[in-house]
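Just so you know, residue 1 is the first one in the sequence shown, and it goes up from there.
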Amino acid sequence: DVNKMCHVFKVDWLSRRCGDYFAGLVGDVSTSIDYQTLFFLFEEARFCSKTLKSNVLLDLVVQKMCGLENRAEIFVQPYMKNYTQLETSQLDIMLQITRENPVSLLTIVKQNIENGA
């Protein structure tokens with residue numbers, strides 16, 4: 001919310017500080033991170049992308065997630081649990097995150113279909 005107010009009131013220095021803070025949070029992401037933390041970072045970046053019309057933070061999160069070997073297990077699989085309720089934009093980002101191994105995304109969708117999701 002502070003980041004949004006920075007853009008509304010054109011407080012550039014505060015906007016930069018919020019961006020730097022968020023970049024620091026993303027920079028601390030490692031393979032031992034939990035789903036809830038990744039979910040928070042992802043949804044905050046998506047919110048900023050939608051409200052501020054800037055993909056800078058979202059691109060940062062996606063790039064970081066793409067560097068995680070276990071991204072399908074720790075984020076994509078739980079996030080896609082209710083994939084029928086996701087927006088097209090969310091699915092597009094999941095495709096970006098799994099672009100190096102799209103089979104993992106297809107496996108998740110197949111499992112969800114088999115489980116009656």
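- Cluster annotation: V26 is connected to F40 through the hydrophobic network of ILVMFWY side chains, with a link wherever side-chain heavy atoms come within less than 4.5 Å.
- Here salt bridge (Lys or Arg N to Asp or Glu O under 4.0 Å) pairs that include residues 48-61, with residues two or more places apart or in two chains, are K50-E87.
- Rounding to the nearest 0.5 Å places OG1 of T84 at 9.5 Å from CG of L91.
- The ring of F42 has its center closer than 6.0 angstrom to the ring center of Y79.
- For R46 against L58, the heavy-atom pair with the smallest separation is N-CD1, 4.1 Å.
- For the pair R71 (side chain) and V76 (backbone), a donor-acceptor distance under 3.5 Å is absent.
- You'll find the side chain of M65 reaches within 4.5 Å of the side chain of L38, heavy atoms only.
- Checked against the 6.0 Å centroid criterion, the rings of F75 and F39 do not qualify as a close aromatic pair.
- Annotation for A45 and V61: closest pair CB-CG2, 3.8 Å, computed over non-hydrogen atoms.
- A 4.5 Å side-chain heavy-atom check between Q111 and Q77 finds at least one atom pair inside the cut-off.
- Nearest heavy atoms, K64 versus G27: NZ-O, 3.6 Å.
- For the residue pair T37/D34, the side-chain donor-acceptor check at 3.5 Å is satisfied.
- Across all their heavy atoms, T31 and I74 have their closest contact at O-CD1, 4.3 Å.
- A heavy-atom distance below 4.5 Å is found between the side chains of R99 and C66.
- Looking at heavy atoms from C-beta onward, L52 lies out of side-chain contact with F47 at the 4.5 angstrom threshold.
- Minimum interatomic distance between I108 and A72 (heavy atoms only, all atoms of both residues): CD1-O, 4.3 Å.
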